[in-house]
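Input: a single structure, listed below in structure tokens.
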Amino acid sequence: MVGMEEVSEDWGRALAIVAHPDDLEYGGSAAVAKWTAQGKEVVQVLATRGEAGIDGMDPEEVARIRTAEQIEAARRVGVGTVEFLDQPDGMLEYGLPLRRLLAGAIRRHRPEVVISVNFRETFPGGMFNMADHRVLGLAVADAIRDAANRWVFRDLDLDPWQGVKFALFGGSPQAAHYVDVTGHLQAGIDSLLAHKVYFDGLGADFDAAAFLTSMATPTGEAVGVEHAIGFELIAT
């Protein structure tokens with residue numbers, strides 16, 4: 001964490017692209033809460049509806065519930081637009097079809113900043129990252145360039161978008177940038193708590209406040225603020 005650089009906030013429109021409902025809420029939504037409070041526009045796009053996420057419940061019912069929970073989680077941090085690409089949960093595949101979908105979303109929404117999930121093999125601390133996260137995050141990084149190239153995915157019939165300044169990937173072991181979320185951590189906690197049925201379905205106690213506080217406090221101390229969330233930043 002030593003030498004982390006603060007993420008620039010000289011922009012007005014962001015697009016968050018994640019794999020599942022709740023992916024953004026493990027820290028990223030606290031940053032989103034700060035940005036929407038500043039008047040920035042943030043839109044969320046989810047590759048799946050998380051239908052494979054609860055072992056003891058029918059996937060169609062899970063999809064319905066987790067869709068509603070994600071829309072509520074987004075509302076709690078000031079996001080009013082949530083889109084779902086309806087890709088199969090647990091079976092995302094890296095390749096041109098996924099890149100095409102994501103490039104289309106980027107061209108539609110024309111963000112200055114893209115926010116996504118860790119695409120590295122592990123999380124900080126060494127726990128192995130899941131396939132959907134690795135696939136989705138890498139596809140997002142590539143789709144930003146795809147969206148900017150007018151000769152790629154011409155069948156989308158959308159103007160190219162070259163305005164993405166940088167992409168932020170949450171939960172990365174290579175995080176070298178941070179967002180000061182002091183005063184906005186509770187909104188991030190509230191957004192994570194919106195996933196109640198999902199956490200109940202896991203069958204284990206989960207303390208959202210303790211989890212996010214334990215993440216944001218050490219990072220904040222390292223950079224000289226009360227609470228901060230780390231991101232891996234890739235310039236585009």
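Because the structure is predicted, anything quoted here is derived from the model rather than measured.
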Quick check on side-chain contact (heavy atoms from CB on, under 4.5 Å): which of His133, Glu232, Gln174 does Phe169 satisfy it with? Glu232
Is there a donor-acceptor pair under 3.5 Å between the side chain of Gln87 and the backbone N or O of Leu85? yes
Any heavy-atom pair between the side chains of Phe166 and Ile234 that's under 4.5 Å? no
Do Gln70 and His20 have side chains that get closer than 4.5 Å, going by heavy atoms? no
To the nearest 0.5 Å, what is the distance between CZ on Arg66 and CD1 on Ile54? 6.5 Å
Before you tell me yes or no, could you show the steps for Phe123 and Phe128 under ring pair (Phe, Tyr, Trp, His ring centres under 6.0 Å), namely the whole-Å CA-CA distance, both residues' side-chain angles and the distance that decides it to 0.1 Å? CA-CA 6 Å; Phe123 289 107; Phe128 192 63; 9.2 Å; no
Within a strict 4.5 Å, meaning less than it, do heavy atoms of the Pro88 and Thr48 side chains meet? no
Can you confirm whether Asp89 sits close enough to Arg49 that some side-chain heavy atom of one is under 4.5 Å from a side-chain heavy atom of the other? no
Phe206 vs Phe199 aromatic rings, parallel, tilted or perpendicular, using cut-offs 30° and 60°? parallel
What distance separates Arg150 CZ from Trp161 CH2, expressed to the nearest 0.5 Å? 13.0 Å
Taking side chain as C-beta onward, heavy atoms only, is Val140 less than 4.5 Å from Ile17? yes
Is there side-chain contact between Glu69 and Pro21, with heavy atoms separated by less than 4.5 Å? no
Taking the six-membered ring of Phe153 (Phe, Tyr or Trp), confirm whether the NZ or CZ of Arg99 is under 6.0 Å from its centre and within 45° of its axis. no
